[in-house]
Amino acid sequence: MRNLEKNYDPKQIEDRIYRQWSEQGCFHARINPEKKPYTIVIPPPNITGQLHMGHALDETLQDILIRYKRMCGYEALWLPGTDHASIATEAKIVEAMRKEGLTKEDVGRESFLERAWAWKKQYGGRIIEQLKKLGSSCDWERERFTMDEGCSEAVQTVFLQLYEKGYIYRGERIINWCPHCKTSISDVEVEYEEQNGHFWHLRYPFEDGSGYLELATTRPETLLGDTAVAVHPDDARYASAIGKMLILPLVGRRIPVVADTYVDKEFGTGVVKITPAHDPNDFEVGQRHNLPVINVLTDDAKIVSEYPAYAGMDRYEARKAIVFDLEAQGYLVRVEEHAHNVGTCQRCGITVEPRVSLQWFVRMEALAKPAIDAVREHRIRFVPERFEKNYFHWMENIRDWCISRQLWWGHRIPAWYCEDCGEMIVSAQAPEFCSGCGSSSFQQDPDTLDTWFSSALWPFSTLGWPKQTEDLAYFYPTSTLVTGYDIITFWVSRMIFSALEYTGKIPFETVLIHGLVRDSQGRKMSKSLGNGIDPLELIDQYGADALRFTLVSGNSPGNDMRFYIKEVESSRNFANKLWNAVRFALTYLTIDTVTLPAEMQLEDRWILHKCNRLVRDVRENLNKFELGIALQKLYDFLWDDLCDWYIELIKPRLFETNTDQMTRISAQQVLSYVLVQTLSLLHPFMPFITEELYQSLPHFPGCGNLLMVEPYPEYTETLEFCSAAEEMGCIIELIRQIRQLRNQMNVPYSKKTRLYLETKHISTYRDGIECIKRLASAEALLFEKVPDGLNVTSVVTSDVKAFIPLGELVDLEKEKNRLLTEKKKLENEIARLNTKLSNPGFIAKAPEKVVLEERVRLEGYQKQIENTLEVLAKLS
RNA sequence: GGAGGCAUAGCUCAGCUGGGAGAGCGCUUGCCUUACAAGCAAGAUGUCAUAGGUUCAAGUCCUAUUGUCUCCACCA
């Protein structure tokens with residue numbers, strides 16, 4: 001038996017406990033046909049990342065689930081790893097090089113990649129170490145990286161398969177281009193923000209001199225690339241203009257007026273300039289009308305050399321110059337203020353530029369369908385269910401996925417171009433000879449794949465796919481995916497359709513969605529605001545368990561939470577409470593096994609009953625992913641029932657002053673039983689402190705198992721003690737009343753009062769008399785009828801009248817008033833219940849159980865008010 | 001424009017399939033009662049956003065309204 005410090009100090013134990021788990025191989029999952037597998041793959045953190053509060057929440061939820069299932073007897077695998085995060089990492093490396101005065105082009109592709117791998121080596125491990133600080137019980141022997149050999153093979157296999165099936169194609173399309181990162185980005189990587197801009201009204205003259213058309217634009221600089229003007233086919237105002245030619249101002253190009261239903265007659269003048277190269281809608285109009293696509297911007301958003309007057313100007317400079325020229329030449333009608341949404345790059349924040357370019361795409365329609373069905377048929381379940389709607393909306397309106405990126409860090413596209421004839425060959429290795437011309441010199445496609453392309457394969461690539469490994473056969477499909485609602489579209493949806501397509505199976509059964517951790521003012525935590533709270537600092541200060549407790553308590557799936565340091569403090573206090581409960585127990589435990597006594601006191605049966613119910617509830621809540629509720633129940637039981645009531649009640653039995661060995665031992669037995677049960681129940685939530693305390697219990701050296709691998713408590717029919725629970729409830733009620741009275745009368749705790757109890761349930765109160773004596777600080781005597789002539793004041797419950805000699809209390813008037821208030825309250829309750837019970841509808845339609853409950857309740861109040869009135873009469 | 005969330009004590013939030021309004025923090029009062037002052041005991045505070053509806057019964061289900069946040073789409 002070890003002596004515990006007075007206050008819980010997580011720093012003393014956390015690293016030691018983690019090492020112990022690790023050294024005993026508790027994290028490692030082994031294929032075991034005797035057991036059912038339970039698998040979680042971690043949402044791989046970026047190698048650029050530091051652990052932030054969002055991770056802390058995500059990992060805590062996963063660790064709770066995995067520890068719970070492990071203790072429930074599943075072969076639990078939590079598979080960890082990291083993501084190469086192509087654009088984010090590349091941006092960081094470019095930035096680091098910029099400080100050295102270098103660019104990507106300066107160092108070249110090969111040496112750039114060397115830097116990237118060095119980065120991975122240096123920082124990829126950092127976040128893993130941080131995960132360990134949280135207590136994450138990942139199987140580190142199975143740690144993966146999206147660009148390791150196996151995952152890369154998976155990526156290549158998928159690419160080749162999809163290409164052969166015709167799902168991957170290469171084409172000129174309009175895509176989102178980031179002029180800063182100089183790469184394409186997918187639709188979901190664009191973030192829209194409202195900006196104040198202008199609406200420039202321009203006039204484009206007809207070629208035949210018969211006037212002009214007036215239109216408006218927010219981007220006058222794209223005029224250089226206009227290849228038509230469009231009106232609605234049914235718009236009577238412009239019917240005669242359709243098919244006529246206009247002269248494009250400043251450029252002099254002849255462009256047609258076309259009719260297209262894309263145009264909104266009601267908006268502006270009902271005339272739209274069409275710039276197929278720089279607007280997605282215009283691009284489509286262009287396709288329909290066979291319009292030329294004229295690109296006017298370079299890859300860093302400057303005007304191309306074909307327009308000497310503006311060549312080399314940045315897009316915003318060009319805008320000014322062009323507006324100036326338009327005005328000077330009389331083409332500008334007026335300028336309006338106009339607020340509109342502008343797309344920006346998720347990574348760098350620069351305004352994206354729609355741009356026509358040659359990219360690789362995944363054809364999504366056929367892939368999306370089975371993925372929609374899987375969720376619709378509830379083969380995959382979202383928790384909470386409402387996030388299905390997000391998913392369906394996205395999947396049902398899905399567009400082709402642009403997967404090529406003009407980046408170097410990532411999986412390079414396995415396509416090769418013949419240097420002689422230009423023939424494209426898609427294959428894993430460089431081809432030997434060109435199938436077209438027989439040449440043997442090839443260039444590999446310079447582009448890499450969208451980082452989400454590899455994360456989409458994560459649930460199965462990490463288990464060995466495309467190889468049919470034993471791991472894959474046993475642990476796949478995985479069980480639960482835990483992630484934030486912000487990446488359902490980026491990631492969850494892509495894993496679902498990928499898994500169905502390549503493995504023919506769902507990737508996971510349940511998606512547990514959590515919200516964002518916000519700051520105390522409800523703002524997102526972000527670097528730019530500087531409002532982030534570092535989880536590692538909190539762990540350092542309050543312990544990992546306290547942080548975990550804070551993140552889970554009061555949090556419900558899918559909802560955002562605000563984070564207060566104050567709450568971590570109270571979580572820490574809870575840990576300390578638990579610590580001290582065990583510390584107390586240890587000073588009195590003389591037994592070293594955990595068995596329940598044959599003979600138990602009332603309070604023993606009561607706490608066992610409550611503990612057993614707790615086991616049932618916590619399991620139920622955990623099975624339903626209601627982690628916050630489960631934790632709340634544990635908190636209430638431990639603090640209130642166990643510490644404030646049970647331990648206080650059994651103190652007299654535990655102390656040396658108790659010479660009755662039997663009651664002394666039985667108290668120890670029940671206490672250690674309840675402690676083992678609750679430490680086990682709480683372990684998934686607060687693994688460190690529970691493990692440490694469990695090991696300090698005297699039975700531990702005998703059993704020898706770490707708590708982490710002990711079985712999770714199970715509900716036991718034989719521990720249902722309903723009548724004990726009821727009787728104890730009455731006694732608790734009585735004690736509360738007496739305490740209230742003493743408090744109101746300013747009787748100090750140290751002063752014991754005499755107490756005469758009058759009740760018809762002598763046996764019940766005989767069992768509880770010691771409890772009353774101790775917790776109400778009273779010398780209690782039991783009577784069926786209290787002798788007359790005692791000048792007394794009193795406390796009243798439904799089945800007991802308690803009298804305290806008047807001399808021991810201070811104020812008779814006060815006491816009368818107290819009882820009158822009590823009477824009033826009771827009258828109100830009785831009236832309410834009478835109304836309810838005399839309602840024929842209620843009697844007829846409410847379930848019998850509910851009616852009965854209300855009747856019992858009413859009876860209780862009636863007895864109580866009788867007692868109250870009787871006592872009031874005595875007082876006056 | 002489309003979809004969804006939230007609105008409960010001074011603050012932050014729980015409240016599962018309808019059946020007497022809860023927790024933490026804060027506040028008031030009294031206590032160093034042989035585990036814990038990071039503690040113990042007692043207490044105060046709520047037209048559960050508004051208006052209807054369903055029901056014997058609504059914080060809970062339905063409809064509308066207001067406020068607020070988010071996601072999706074993006075109209076020149």
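Since this is a predicted model, take the numbers as computed values, not measurements. Order of the sequence lines sets the chain letters (A, B, ...), proteins ahead of strands, with each chain counted from 1.
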To the nearest angstrom, the CZ-P distance between A:Arg739 and B:C31 comes to 17 Å

Rounded to whole Å, the CG-P distance (A:Asn559 to B:C13) equals 10 Å

Rounded to whole Å, CD of A:Glu194 lies from P of B:C69 at a distance of 14 Å

- prompt: Mind checking whether A:Tyr8 and A:Trp579 have parallel, tilted or perpendicular rings, split at 30° and 60°?
  reply: tilted

Side chain to side chain donor-acceptor pair (under 3.5 Å) with A:Tyr485: of A:Asn559, A:Asn390, A:Asp560, only one passes, and it is A:Asp560

When A:Ala581 and A:Gly558 are each assigned the nearest nucleotide of RNA chain B, the 5'-most assignment goes to A:Gly558

Practice problem: Look at all strands and tell whether A:Arg857 reaches a base, only sugar-phosphate, or nothing, counting heavy atoms closer than 4.0 Å. | Solution: base

Discussion item. Using a heavy-atom cut-off of 4.0 Å across all strands, would you classify A:Glu620 as base, sugar-phosphate, or nothing?
Written reply: nothing

Can you tell me how far C1' in B:U54 sits from the matching atom in B:G46, rounded to whole Å? 26 Å

_Distance flag, aromatic centroids of A:Tyr331 and A:Tyr204, threshold under 6.0 Å_ = no

Checking all strands, does A:Val582 fall into the base, sugar-phosphate, or nothing category for heavy-atom contacts under 4.0 angstrom? nothing

Contacts of A:Leu642 and A:Leu833 projected onto RNA chain B by closest heavy atom; the upstream (5') one is A:Leu833

Regarding A:Lys566, tell me which of base, sugar-phosphate or nothing describes its non-hydrogen contacts under 4.0 Å with the strands shown.
sugar-phosphate

To the nearest angstrom, the CD-C1' distance between A:Glu385 and B:G5 comes to 15 Å

Over all strands shown, is A:Phe574 touching base, sugar-phosphate only, or nothing at heavy-atom distances under 4.0 angstrom?
nothing

| task | Remember a base hit wins even if backbone is also touched, and classify A:Phe549 as base, sugar-phosphate or nothing at under 4.0 Å, heavy atoms. | result | nothing

Scanning all shown strands, the Watson-Crick or wobble mate of B:A14 with both distances under 3.5 Å is none

Applying the 3.5 Å cut-off to both distances, the Watson-Crick or G-U partner of B:G30 turns out to be B:C40

- [ ] Under 4.0 Å between any heavy atoms, over every strand shown, what does A:Tyr635 touch: base, sugar-phosphate, or nothing? Just pick one.
- [x] sugar-phosphate

Which part of the nucleic acid, if any, lies within reach of A:Arg572 when heavy atoms closer than 4.0 Å are counted: base, sugar-phosphate only, or nothing?
base

Taken to the nearest whole Å, CG/A:Leu538 to P/B:A38 is 19 Å

Worksheet item: Any donor-acceptor pair under 3.5 Å between the side chain of A:Asn341 and the base of B:C74?
Response: yes

For A:Asp264, which contact category applies under a 4.0 Å heavy-atom criterion: base, sugar-phosphate, or nothing? base

Checklist line | B:A41 versus B:A51 - spacing of their P atoms, nearest Å | finding: 40 Å

Subject >> Separation of the P atoms in B:C6 and B:A44, to the nearest angstrom >> reply: 32 Å

- Message: What contact category does A:Asp636 fall into here, base, sugar-phosphate, or nothing, at under 4.0 angstrom with non-hydrogen atoms?
- Response: nothing

Exercise. Using a cut-off of less than 4.0 Å, is there contact between a side-chain N or O of A:Arg562 and OP1 or OP2 of B:C13?
Worked result: yes

- [ ] Scan A:Pro840 against the nucleic acid and name what it touches under 4.0 Å (heavy atoms): base, sugar-phosphate only, or nothing.
- [x] nothing

Next on the checklist: Quiz question: going by heavy-atom distance under 3.5 Å, is there a donor-acceptor pair between the base of B:A35 and the side chain of A:Lys651?
Outcome noted: yes

- Message: For the P atoms, the ones on B:U33 and on B:U50, what distance do you get once it is rounded to whole angstrom?
- Response: 48 Å

| query | Would you find a donor on one side and an acceptor on the other, under 3.5 Å apart, between the side chain of A:Asp400 and the backbone of A:Met364? | reply | yes

Touch check for A:Asn397, heavy atoms < 4.0 angstrom, all strands: base, sugar-phosphate only, or nothing? nothing

Separation of B:A21 atom C1' from A:Arg832 atom CZ, nearest Å, is 12 Å

- [ ] Please check if any side-chain donor atom of A:Ser570 sits under 3.5 Å from a side-chain acceptor atom of A:Glu567, or the reverse.
- [x] no

Across every strand shown, the nucleotide meeting Watson-Crick or G-U wobble geometry with B:U70 (both distances under 3.5 Å) is B:A3

note: A:Glu284, atom CD; B:C74, atom C1'; distance rounded to Å ~ 12 Å

Next item on the list: Could you work out the separation of B:C27 and B:C72 based on their P atoms and round it to a whole Å?
Entry: 42 Å

Checking N1-N3 plus N6-O4 or O6-N4 for Watson-Crick, or N1-O2 and O6-N3 for wobble, each under 3.5 Å, the partner of B:A64 is B:U50

Taking atom P in both B:G43 and B:A23, what distance in whole Å separates the two? 12 Å

A:Leu627 CG to B:A23 C1', in whole Å, measures 17 Å

query: For A:Gly554, which contact category applies under a 4.0 Å heavy-atom criterion: base, sugar-phosphate, or nothing?
result: sugar-phosphate

Charged tip of A:Arg494 within 45° of A:Trp401 ring normal and under 6.0 Å: yes

For the residue pair A:Lys566 / A:Ser520, report whether a side-chain donor-acceptor contact shorter than 3.5 Å exists.
no

Quiz item: Under 6.0 Å from the six-membered ring centre of A:Phe584 and within 45° of its axis: does the NZ or CZ of A:Lys651 meet both?
Solution: yes

